[in-house]
Engineer: 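One structure coming up, written as structure tokens, with questions to follow.
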Amino acid sequence: MFKEENYFFRVAYKKLESECRLSNGIRPDMKFAIDENNNWVFFLYPEFETLSEESVVGDEWEALDEGTAIIHKPILENKDGYFKLIRERVKVGAKAYFMAGSEKVAELKIVDIINQI
């Protein structure tokens with residue numbers, strides 16, 4: 001789907017109680033646990049590695065309730081230190097969430113840095 005040079009880091013995820021569904025065709029926002037008390041979210045695309053073979057969302061396989069996903073390098077420009085903000089947060093063991101508006105959809109833990117930005 002995406003080129004390996006655009007891979008940024010890998011997360012282990014666990015879906016929370018939510019009506020939202022996860023798939024490679026849907027881009028949730030990412031909020032780092034360190035930012036729980038502010039409004040900062042980041043636009044980083046996941047590519048789920050653990051997919052259902054039974055359930056489809058749109059024209060994509062739905063992600064399983066637990067598994068791994070690769071997060072891709074930012075597609076937005078590096079304006080106003082955007083990449084620096086992300087680099088400060090992306091550490092092995094750091095916690096984050098996939099968000100749908102203000103709702104937490106999945107809990108994440110960074111397990112591997114693949115390529116730096």
Side-chain angles (χ1 to χ4, degrees):
M1 184 173 187
F2 293 93
K3 294 180 180 176
E4 196 167 325
E5 66 256 22
N6 292 326
Y7 291 176
F8 185 8
F9 60 95
R10 179 175 282 111
V11 297
Y13 72 89
K14 181 177 181 180
K15 190 168 183 305
L16 302 170
E17 286 293 320
S18 173
E19 294 296 316
C20 295
R21 295 164 72 183
L22 299 172
S23 81
N24 287 331
I26 299 171
R27 185 204 47 84
D29 293 330
M30 180 176 284
K31 184 168 196 71
F32 291 92
I34 194 170
D35 294 314
E36 281 194 271
N37 295 321
N38 64 42
N39 293 326
W40 292 11
V41 293
F42 295 88
F43 306 106
L44 299 170
Y45 285 85
E47 181 177 343
F48 292 95
E49 298 179 293
T50 42
L51 299 172
S52 167
E53 294 182 2
E54 301 168 3
S55 184
V56 175
V57 179
D59 60 353
E60 296 284 338
W61 292 107
E62 184 173 7
L64 297 175
D65 287 347
E66 288 188 51
T68 59
I70 292 173
I71 308 300
H72 295 273
K73 291 179 181 179
I75 61 167
L76 298 178
E77 292 180 32
N78 186 21
K79 287 186 174 181
D80 302 320
Y82 185 68
F83 286 9
K84 181 177 184 270
L85 286 172
I86 295 171
R87 275 194 302 272
E88 290 170 349
R89 287 157 173 76
V90 175
K91 310 278 187 230
V92 171
K95 295 187 184 208
Y97 304 94
F98 287 140
M99 305 291 294
S102 63
E103 179 186 1
K104 293 176 182 173
V105 176
E107 195 172 59
L108 315 172
K109 182 178 180 182
I110 298 174
V111 295
D112 184 31
I113 309 296
I114 301 169
N115 295 305
Q116 294 289 341
I117 58 168

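Model, not experiment: these values are computed from the prediction.
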Engineer: If you round to the nearest 0.5 Å, how far is CG of Asp35 from CH2 of Trp40?
Structural biologist: 6.5 Å
Engineer: Side chain to side chain contact (heavy atoms under 4.5 Å, CB included) with Phe8: which of Ile70, Ile110, Ile86?
Structural biologist: Ile86
Engineer: Look only at the side chain of Tyr45 and the backbone of Asn24, and say whether a donor-acceptor pair between them is shorter than 3.5 Å.
Structural biologist: no
Engineer: Is it the case that over 12 heavy atoms from other parts of the model lie below 6.0 angstrom from the CD atom of Glu5?
Structural biologist: yes
Engineer: Ignoring hydrogens and geometry, is there a side-chain-to-backbone donor-acceptor pair from Arg87 to Ile117 under 3.5 Å?
Structural biologist: yes
Engineer: Between Met30 and Leu108, is a side-chain contact (heavy atoms from CB on, under 4.5 Å) present by the stated rule, with each step listed?
Structural biologist: CA-CA 9 Å; Met30 180 176 284; Leu108 315 172; 3.6 Å; yes
Engineer: Check this for me: Leu76, atom CG, are more than 12 non-hydrogen atoms of other residues, nucleotides or ligands nearer than 6.0 Å?
Structural biologist: yes
Engineer: Between the main-chain N or O of Arg21 and the side-chain N or O of Lys15, is there a donor-acceptor pair closer than 3.5 Å?
Structural biologist: no
Engineer: With hydrophobic residues grouped by side-chain heavy-atom distances under 4.5 Å, do Ile114 and Val11 end up in a single group?
Structural biologist: no
Engineer: Regarding Lys104 and Glu36, does a basic nitrogen lie under 4.0 Å from an acidic carboxylate oxygen?
Structural biologist: yes
Engineer: Is there a donor-acceptor pair closer than 3.5 Å between any side-chain N or O of Asp29 and the backbone N or O of Met99?
Structural biologist: no
Engineer: Just verifying a value: how many Å separate Glu53 CD and Glu62 CD, rounded to the nearest 0.5 Å?
Structural biologist: 13.5 Å
Engineer: Tell me the closest heavy-atom pair linking Thr50 and Gly67, and the distance in Å.
Structural biologist: OG1-CA, 3.2 Å
Engineer: Can Leu64 and Tyr13 be said to form a side-chain contact (heavy atoms from CB on, under 4.5 Å), step by step?
Structural biologist: CA-CA 10 Å; Leu64 297 175; Tyr13 72 89; 4.2 Å; yes
Engineer: For Lys109, is the NZ atom crowded, meaning more than 12 foreign heavy atoms sit under 6.0 Å from it?
Structural biologist: no
Engineer: Is it possible for you to say whether Tyr7 and Leu44 belong to one hydrophobic cluster, with membership spreading through side-chain heavy-atom contacts below 4.5 Å?
Structural biologist: no
Engineer: Going hydrophobic residue to hydrophobic residue with side-chain gaps under 4.5 angstrom, can you get from Val92 over to Ile71?
Structural biologist: yes
Engineer: Are the side chains of Val105 and Cys20 in touch, meaning some heavy atoms are under 4.5 Å apart?
Structural biologist: yes
Engineer: Taking only residues two or more places apart in sequence, or in another chain, which ones meet Phe9 in a ring pair (Phe, Tyr, Trp, His ring centres under 6.0 Å)?
Structural biologist: none
Engineer: Using only atom types and a distance under 3.5 Å, with no angle test, would you say the side chain of Asn78 pairs donor to acceptor with the backbone of Phe83?
Structural biologist: yes
Engineer: Looking only at the side chains, is there a donor atom on one of Thr68 and Glu49 sitting less than 3.5 Å from an acceptor on the other?
Structural biologist: yes
Engineer: Looking at every heavy atom in both Leu85 and Arg89, which two are closest together, and how far apart are they?
Structural biologist: O-NH1, 2.9 Å
Engineer: Who passes salt bridge (charged side-chain N to carboxylate O under 4.0 Å, His left out) against Glu107, sequence neighbours left out?
Structural biologist: none
Engineer: Just by distance, no angles: are the side chains of Ser23 and Glu60 close enough, under 3.5 Å, to form a donor-acceptor pair?
Structural biologist: no
Engineer: Count the heavy atoms of every other residue, nucleotide or ligand shown that sit under 6.0 Å from NZ of Lys91, and state whether that count exceeds 12.
Structural biologist: yes
Engineer: Can you tell me how far apart CD (Glu103) and CD (Glu17) are? Round to the nearest 0.5 Å.
Structural biologist: 10.0 Å
Engineer: Could you state whether Val111 and Val90 fall into the same hydrophobic cluster, counting links through intermediate Ile, Leu, Val, Met, Phe, Trp or Tyr residues with side-chain heavy atoms under 4.5 angstrom apart?
Structural biologist: no
Engineer: Test your reading of the model: is there a side-chain donor-acceptor pair from Lys31 to the backbone of Asn38, 3.5 Å cut-off?
Structural biologist: yes
Engineer: Give me the one residue out of Phe98, Tyr97, Phe42 that meets ring-ring contact (aromatic ring centres under 6.0 Å, His included) with Phe32.
Structural biologist: Phe42
Engineer: Examine Leu16 and Val57 and state if one hydrophobic cluster contains both, with Ile, Leu, Val, Met, Phe, Trp and Tyr joined whenever side-chain heavy atoms are less than 4.5 Å apart.
Structural biologist: no
